[in-house]
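Naming: A, B, ... by sequence-line order, numbering from 1 per chain.
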2 protein chains.
Amino acid sequence: MAQSGQPTMGQSLLFLTDEQVRIGIEAMFFAYRGFTADPDRILATKAYGRAHHRAVHFIHRSPGTTVNNLLAILGVTKQSLNRVLRSLIADGLVSSTVGKADKRERHLHLTDAGAALERELSDAQRDRMRSAYRAAGPEAVAGFREVLEAMMDEEMRHHYRAMKDRPE
Amino acid sequence: MAQSGQPTMGQSLLFLTDEQVRIGIEAMFFAYRGFTADPDRILATKAYGRAHHRAVHFIHRSPGTTVNNLLAILGVTKQSLNRVLRSLIADGLVSSTVGKADKRERHLHLTDAGAALERELSDAQRDRMRSAYRAAGPEAVAGFREVLEAMMDEEMRHHYRAMKDRPE
DNA sequence: CACAATACGTCAGCTTTGTTGACATTCCAA
DNA sequence: TTGGAATGTCAACAAAGCTGACGTATTGTG
């Protein structure tokens, strides 16, 4: 379909061919493996998995967030998240406090131990991302983020932008 | 963004800050969800999962590939791959033929039905990737691929490059 | 030739992480 | 005040990853 070779406008559309798009798909597949490899290695030595990493990451980013909000960001069922949260709470990495205004809600925070785990996992992942950034350079990074953002579902893009503009 | 600060050297390094790197990590997380969303939706209506999609994709890309080779590309155990392959073969989507030169090997091919499934899944995924490409533009796409490639493990990068340079 | 190594398949059992269903608690609005 | 919506928890199950052990056919080597 997009296989045409004649740029009729002032700009070539060759980067939209099936071939080029396919390369992007495979790049995504292989890169995501690298993206998760380092934290996964650390998690394997503890009794946790990737789901715990995600929960800890976003609780760190949004302290006091509710279970429902976390659900929307992670895009899993509440039962699935609950299992993860339960073990993190039992192990003293996350605290859950009943909401003051709305007692149905639980507000989630990292404990000191939870913050330590978050840092350990994030450091490993950040190191790889940073070295990829460095290898590719600032302009490539800008393009990287543009394409990723365009690849998201509308709802995820909303969460992404909200988090992006919040200070660390 | 990374261009805005005061470069003390010839080039600004602001794009390597923890903050910028963290944004990339979150972009990767949210984008991967979009990346798999469309094929997942289709697969949910059939009796297959993401693992089947991956197998079918790479058999399509490397017709006649051996089980061992597929194992290296997918990075799973043979027991895990075998479960997937067994169902695909039983359902007549993949054929497995004894190697001619080395009879220990099995060469894998898609049947017509397998190729049809592959196309259905890939079309959905390609559409999204193409629209992300279009929205971001050719220069962004180049950067996108550079960063992803730099993010891969050495071995995955090897597979990626080998597949990239092979015609469709 | 004898024997080690390779390629593949399979059984059994476990873990992580997703799912649906049922249910308790809390809030809010008719 | 009461019934429905929202929030969160528990139980049971499925997909797909993992390790370990073993069997079989084939290949390559000392």
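S122(A) and R22(B) form no side-chain donor-acceptor contact under 3.5 Å, judged by distance and modelled atom types alone.
With hydrogens and angles left out, the side chain of R104(B) and the base of dT6(C) share a donor-acceptor pair within 3.5 Å.
In terms of position along DNA chain C, the nucleotide closest to D102(B) lies nearer the 5' end than the nucleotide closest to the other residue of the pair D102(B) and A51(A).
Enclosure of atom CG in D165(A) by more than 12 non-hydrogen atoms of other residues, nucleotides or ligands within 6.0 angstrom is indicated.
Atom NZ of K100(A) is separated from atom P of dT26(C) by 17 Å (rounded to the nearest Å). dC18(D) atom C1' lies 16 Å from atom CZ of R41(A), rounded to whole Å. Rounded to whole angstrom, the span from the CD atom of E105(A) across to the C1' atom of dA24(C) amounts to 17 Å. Whole-Å rounding puts the H53(A) NE2 to dT17(C) P distance at 12 Å. Between the C1' atom of dT16(C) and the NZ atom of K46(A) lies a distance of 18 Å, rounded to the nearest Å. Between the OH atom of Y48(B) and the P atom of dA14(D) there is a distance of 18 Å, given to the nearest Å. At whole-Å resolution of the value, CZ in R106(B) and P in dA25(D) are 11 Å apart.
Within the 4.0 angstrom heavy-atom criterion, no nucleotide atom of any strand lies near A44(B).
Applying the 4.0 Å criterion to OP1 and OP2 of dT17(C), one finds that H52(A) has a side-chain N or O inside that range.
Between A140(B) and E146(A), the shortest heavy-atom contact is CB-OE1, 4.0 Å. Minimum heavy-atom separation, L74(A) to R54(A): CD2-CB, 3.9 Å. Summarising the geometry of E19(B) relative to R166(A), their closest heavy-atom pair is OE2-O, 4.0 Å, with the distance given to 0.1 Å.
Using a 4.0 Å cut-off on heavy atoms, the residues of residues 66-89 of chain B that approach DNA chain D are G75(B), V76(B), T77(B), Q79(B), S80(B), R83(B), listed by number.
Between Y133(B) and F15(A), the ring-plane angle classifies as parallel under the 30° and 60° cut-offs. Ring-plane geometry between H53(B) and H57(B) is classed as perpendicular, the angle between the planes exceeding 60 degrees on a 0 to 90 degree scale with a lower cut at 30.
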